[in-house]
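For this chain, numbers begin at 1 and follow the sequence in order. Values in this document were obtained by computation on a predicted structure and should not be read as measured data. In listed order, ligands and their atoms are each counted from 1.
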Amino acid sequence: MRVRIGKAILGWGAVALILFSGAKVQAKGFEVTVLGAHGGLEDGNLSAYLLREQGANVGVLLDAGTVLNGMEKADAAHAFDRLTLPDDPKTSRAGGLVHHVIQGYLISHAHLDHVAGLIAVSPNDPGKPIYALPSVLSVMQDDLFNHRVWPNLADRGPKPALGLFHYHDLLEGQSVPLAETTLTVTSYPLSHGGVESTAFLLRSGADALLYLGDTGPDAVEHSNRLETLWRLMAPLVRAHQLRGMIIECSYDNSRADAQLFGHMTPLWLLRELRALKTQAGLSMKGFPVLVSHIKPVLTQGEAVEHRIEAQLGAGNEEGFRFIIARQGAQIAFP
Ligand SMILES: [Zn+2]
């Protein structure tokens, strides 16, 4: 009897030790699935990034330019092969993915290339929270889900508010838990050619990942919002908590500053990242930067992605690890 108890204690002790050490090394990081990569032109491939804690079945969508088509493309690219979906014979595979994996929508701003997929899927994906700054939600409420452009399926705004999904106001700098996930988000306003856009800092435990919606460089926007953001991110860089960043680079370097309309070129993006590095005060060699929102061009010649990648590479004195977003790609931020 004693021996058995002794064995049991030893057994549980070992289990507890494994669990405890497992908990201690629980720096899991994140995985991002690109549902839509581009900033305009290509319907079916517009800004939408599924963010999950690494290994998690559920996550949130960062912008929602393309939803259903993006889930199908990513599924075809085997992004969800290891996922466990609830057994529901009445729901299609795509339906199961949208309903189960996406537990909420974080919208940086209400430009159509960031919300078109959400509008399209909204009647068939009820019950989801939509998180955004009040300025963004007011545009969605007054100018999109208003019974003229689209039925008001939300829980406030022009009557009748049908209540299929819920607006969640995010307040600048306040950390908010994201329902049904292990994630929290803190939001910071960005300047986007006269429109307020948003940077989302996603956290899971000590790990953090920064997503920026559309933004122009401070110098062109006559703003200090990026400078402020970099100052707030610098301690996370120094503590090696910030696992990476998703940021836009809409145009190549041939674009004139006066024609940026609140967007970045490789030249400006490199300058802004250098400003972050200076604030952090340490090497950021190898820091992953997922480059989003490239605007396709309809001219002959080399693809704009290749030009932007080459221009980022040519000016990359700090050694950032640039990854060009492509639809269906799965990127780990360990
Ligand atoms: Zn925009």
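- At most 12 heavy atoms of other shown residues, nucleotides or ligands fall within 6.0 angstrom of atom CD in E180.
- Nearby protein atoms of type N, O or S around the Zn ion (ligand 1) amount to 4 (distance under 2.8 Å).
- Crowding of D155 atom CG: a count of heavy atoms from other residues, nucleotides or ligands under 6.0 Å exceeding 12.
- The salt bridge (Lys or Arg N to Asp or Glu O under 4.0 Å) pairs that include a residue from residues 184-200 are E196-R225, where partners are two or more places apart or lie in different chains.
- Summarising the local packing, CG of D81 is surrounded by more than 12 heavy atoms from other residues, nucleotides or ligands at distances under 6.0 Å.
- Contacts of K295 classified as side-chain contact (heavy atoms from CB on, under 4.5 Å), with partners at least two apart in sequence or in another chain: S250, Y251, H263, H293.
- For the ring pair (Phe, Tyr, Trp, His ring centres under 6.0 Å) condition, no pair includes a residue of residues 311-334, sequence neighbours left out.
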